[in-house]
Amino acid sequence: MNTEKFKTLLKVFCADNSISSDVIDQWCDIVSNNYHMFKDKDYDGISEVLSSLVIDGIDERVVGHSASIIAYDEDAEMNTDKGCCTVFMTYSKANDK
């Protein structure tokens, strides 16, 4: 996983500044350090792993966005992701900037 790409996309998701950059940086480090845990998992499995890694300041919304980014990056099965189109919108927004 490209950590910088993940961080950029997550910052687009969190553009309302409700989460500080320091917390996003910590979250990205935790996700990157535990990335091996996402291999061969579908969206629900990725979400479950992320939920076990949650730190103070990271809410359910960020976990969902993170799971979408990782699932897309891993080409994981996303048919259970109710909001999977958000990841495509974010990629679009990130590429427009």
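What you see below is based on every heavy atom in this structure, not just the backbone, and it leaves out hydrogens, waters and symmetry mates. Everything numeric in this text was worked out from a predicted model, so none of it was measured.
Distance check, rounded to the nearest 0.5 Å: CD of Glu48 to CE of Met37 gives 9.5 Å. One finds the CD atom of Gln26 at 12.0 Å from the CD1 atom of Ile19 (value rounded to the nearest 0.5 Å). Note that OG of Ser47 and NZ of Lys41 are 12.0 Å apart. Values are rounded to the nearest 0.5 Å. Note: Leu10 CG to Cys28 SG = 5.0 Å, rounded to the nearest 0.5 Å.
Across all their heavy atoms, Val49 and Ser52 have their closest contact at O-OG, 2.6 Å. Residues Tyr43 and Gly64 approach most closely at OH-O, 3.6 Å, considering heavy atoms. Here the shortest heavy-atom pairing between Trp27 and Ile55 reads N-CD1, 4.0 Å.
Every residue meeting the side-chain hydrogen bond (donor to acceptor under 3.5 Å, both in side chains) condition with Lys7, not counting sequence neighbours, appears here in chain and number order: Asp25. Applying the side chain to side chain contact (heavy atoms under 4.5 Å, CB included) rule to Glu60 yields no partners; only residues at least two apart in sequence or on another chain are considered.
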- Quick one: do Lys39 and Ile46 satisfy side chain to side chain contact (heavy atoms under 4.5 Å, CB included)? Show the steps, please. CA-CA 9 Å; Lys39 296 290 183 194; Ile46 292 168; over 6 Å; no

- Between Ser20 and Val23, is a side chain to side chain contact (heavy atoms under 4.5 Å, CB included) present by the stated rule, with each step listed? CA-CA 5 Å; Ser20 74; Val23 172; 3.2 Å; yes

- Message: Using side chain to side chain contact (heavy atoms under 4.5 Å, CB included), reason through Leu50 and Ile70 one step at a time and then give a plain yes or no.
- Response: CA-CA 10 Å; Leu50 287 170; Ile70 294 166; 4.2 Å; yes

- Task: Any chance you could lay out the side chain to side chain contact (heavy atoms under 4.5 Å, CB included) test for Ile69 and Phe13, step after step, and finish with the verdict?
- Result: CA-CA 10 Å; Ile69 294 167; Phe13 276 129; 3.6 Å; yes

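Counting only residues at least two apart or in different chains, side-chain hydrogen bond (donor to acceptor under 3.5 Å, both in side chains) contacts with residues 29-38 comprise Thr3-Ser32, Tyr35-Asp73, Tyr35-Glu74.
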